[in-house]
Amino acid sequence: MAKVLTARDENYSQWYNDLVIKADMAENSAVRGCMVIKPYGYSIWEKMQAALDQMFKDTGHVNAYFPLFIPKSFFSKEADHVEGFAKECAVVTHYRLRTSEKGGIEVDPDAKLEEELIVRPTSETIIWNTYRNWIQSYRDLPILVNQWANVVRWEMRTRLFLRTAEFLWQEGHTAHATAQEAMAEARQMLEVYATFAQEWMAMPVIKGSKTPTERFAGALDTFSIEALMQDGKALQAGTSHFLGQNFAKAFDVRFTNKQGVMEHVWASSWGVSTRLMGALVMTHSDDDGLVLPPRLAPFQVVIVPIYKNDEQMEQSRAYASELRARLAKAGFRVKLDDRDTHKPGWKFAQYELQGVPIRLAAGPRDIEAQTVELARRDTREKQSLPIEKLEAVVAEMLEAIQKNLFDKALARTQANTTRVDSYQEFKELLDSKGGFFLAHWDGTAETEKRIKDETKATIRCIPFDAPDEPGQCMVTGQPSPRRVLIARAY
RNA sequence: CGGGGUGUAGCGCAGCCCGGUUAGCGCAUCUGCUUUGGGAGCAGAGGGUCGUAGGUUCGAAUCCUGCCACCCCGACCA
């Protein structure tokens with residue numbers, strides 16, 4: 001088969017770029033740093049959205065929508081927050097164009113905005129400014145709102161899905177009467193993300209707390225799920241934040257508690273973005289293309305009819321069409337590709353590139369024997385299946401694929417997680433093997449910075465499940481209560 | 001923003017150093033015939049302001065200057 005992708009071990013990032021484009025997920029647009037998400041890619045994103053949205057609803061959240069534009073003054077109200085985002089904000093300064101004397105159009109200098117508007121890089125400020133009007137009493141709490149939206153962060157260097165100037169995401173913003181409640185919310189939503197990553201994306205993750213330097217701008221505590229990609233680099237797949245009373249104080253959001261005392265509200269926020277698409281690609285796919293977990297695949301099964309002439313074409317199409325109807329009726333997402341404009345071999349390769357979990361092929365031999373050829377994407381196994389077993393085998397196999405993908409990714413993550421006790425050993429293994437490292441750290445920002453400057457690796461998180469294990473910092477020898485997760489990251 | 005590179009058909013490239021017929025190749029597209037169980041073959045066809053503006057020259061894709069765009073490597077980041 002003709003290779004259309006760069007092999008992973010030849011050039012991993014080239015492989016990723018090729019794959020996203022060849023699988024028809026997304027492409028670069030006329031706007032620098034912004035991508036076009038194509039229908040196939042968007043369909044995967046819709047599957048993610050649907051699953052997450054249901055999980056949000058199941059945990060008591062409701063959706064709302066806040067403006068794309070944020071008055072500049074809002075940003076300056078929370079010092080850490082403004083500093084965190086100032087360098088990557090797009091700003092709207094004018095509201096009108098006019099015809100230029102030289103032909104074409106130009107910005108009308110007379111249409112300058114009184115107050116410039118920031119295109120949201122995140123919505124804490126506009127939302128907390130709004131919450132002020134919604135909250136007077138403890139009876140108004142909690143507020144559990146999520147929004148699905150686009151945000152803009154003017155990045156220097158971009159990559160499809162992994163880092164784009166504009167991206168799609170959801171951001172949850174909650175308001176609570178107590179710190180405990182807000183913290184519990186942040187922790188709960190991280191669990192939701194971990195469950196989604198593992199059960200839907202088949203992507204194992206490590207849950208933990210960020211160090212103070214890696215914290216979200218304006219948060220008191222940031223939690224994340226970290227996944228290990230096939231090239232040995234970590235990817236932060238979701239975050240939640242305990243915001244304390246920072247935004248409530250900045251926007252003067254207070255409530256009267258049960259004792260009749262005025263208090264500032266406690267907050268959390270949490271989000272995942274289209275970056276999950278990149279994580280999905282880099283977790284399971286191979287040199288022949290995308291490999292999708294069945295629960296997120298736009299099509300779980302694709303059927304390709306085989307024929308040599310018009311008569312056979314009609315027969316194979318009818319046969320395949322029946323199979324399609326049976327599978328659809330059984331509740332599977334199934335596509336019949338009976339186009340006569342492409343040959344079977346081309347279709348096989350294309351659907352492998354697009355990661356369809358199961359492919360069925362049916363031709364004269366199958367009609368004769370009442371069978372169908374079934375091929376599974378993850379293991380490349382093929383078998384001839386009597387059609388009476390179709391629904392049962394497909395159901396079983398989709399579950400097997402979903403499980404196999406997770407098991408393989410988990411085994412890979414575990415095999416590439418190394419406990420190290422010396423800084424020298426860490427540096428050597430980081431270059432030769434990569435992956436996650438569990439090491440002792442003295443808890444200081446200085447040591448953290450030194451590791452980052454010298455190795456480009458960062459402390460990804462302090463894992464929740466790290467056991468108490470007193471030791472000595474691998475860099476300074478100072479005491480450390482437990483190991484932290486370190487890796488080079490996207 | 002620093003360093004490097006590239007702009008030629010929808011995509012990928014050659015041609016440029018050393019200026020000179022009608023700018024070429026692969027893939028893709030279109031037509032016809034043969035094909036169709038792993039990315040088909042043959043024959044034919046269409047498609048170009050050579051990034052852009054100026055300059056040098058009898059003559060510029062080719063030489064010179066400015067500008068623009070994009071890519072790669074750094075610093076920053078979900």
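Residue numbers begin at 1 in each chain, while the letters A, B, ... track the order of the sequences. Excluded from the calculations below are hydrogen atoms, water molecules and symmetry mates; all remaining heavy atoms, backbone and side chain alike, are included. Since we're looking at a predicted model, the values are computed, not measured.
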Among B/G37, B/A75, B/A78, the nucleotide that comes nearest once only the side chain of A/Gln236 is considered: B/A78

Base, sugar-phosphate, or nothing: which does A/Glu373 touch, judged by heavy atoms less than 4.0 Å apart? base

Honestly, is A/Arg275 close enough over A/Phe167, meaning NZ or CZ under 6.0 Å from the six-membered ring centre and within 45° of the axis? no

Using atom C1' in both nucleotides, what's the gap between B/A78 and B/C63 to the nearest angstrom? 49 Å

Inspect the contact between A/Arg377 and A/Glu352 and indicate whether a charged nitrogen and a carboxylate oxygen are less than 4.0 angstrom apart. no

Listed nucleotide nearest any side-chain atom of A/Trp346, set B/G38, B/G39, B/G37: B/G39

Tell me yes or no: between the side chains of A/Gln370 and A/Asp366, is some donor less than 3.5 Å from an acceptor? no

Span that lies between the C1' atom of B/G10 and that of B/G41, in whole angstrom: 24 Å

Exactly one of A/Phe242, A/Tyr193, A/Trp270, A/Phe464 clears ring pair (Phe, Tyr, Trp, His ring centres under 6.0 Å) with A/Phe223, and that residue is A/Phe464

Between B/G47 and B/C1, how many Å separate the two C1' atoms, rounded to a whole number? 41 Å

Please report the distance, rounded to the nearest Å, between CD in A/Glu88 and P in B/C1. 17 Å

How many whole angstroms separate atom CG of A/Asp288 from atom P of B/G39? 13 Å

Could you tell me how far B/G19 sits from B/G2 if I compare only their C1' atoms? Round to whole Å. 36 Å

Does A/Lys343 make a side-chain N or O approach to OP1 or OP2 of B/A40 shorter than 4.0 Å? yes

Ignoring the backbone of A/Lys382, work out which of B/G38, B/A75, B/G37 is nearest its side chain. B/G38

Do the side chain of A/Lys347 and the base of B/G37 come within less than 3.5 angstrom through a donor-acceptor pair of N or O atoms? no

Closest to the A/Glu352 side chain: B/G37, B/G38, B/G39? B/G38

Walking RNA chain B from its 5' end, the first of A/Gly345 and A/Ala489 to be reached, judged by nearest nucleotide, is A/Gly345

Rounded P spacing from B/U65 to B/A9 in Å: 25 Å

When you compare B/G3 with B/G24, how far apart are their C1' atoms, in angstrom units rounded to a whole number? 35 Å

If I compare all heavy atoms of A/Thr222 with all of A/Phe216, which pair ends up nearest, and what's the gap? OG1-N, 3.0 Å

Closest-nucleotide ordering on RNA chain B, the 5'-leading residue of A/Gly84 and A/Ala375: A/Ala375

When rounded to the nearest Å, what value does the distance between C1' atoms of B/C18 and B/U22 take? 23 Å

Taking the side chain of A/Ala349 as heavy atoms from C-beta outward, which of B/U36, B/G38, B/A78 is closest to it? B/G38

Which value, in whole Å, describes the distance between the C1' atoms of nucleotides B/G44 and B/U49? 29 Å

Quick one about A/Thr213 and A/Glu448 (side-chain donor to acceptor, distance below 3.5 Å, no hydrogens or angles considered), yes or no? yes

When you measure from the side chain of A/Arg153, which nucleotide among B/A78, B/G37, B/G39 comes out closest? B/A78

So if I take every side-chain heavy atom of A/Asp340 and compare against B/G39, B/U36, B/A75, which nucleotide ends up nearest? B/U36

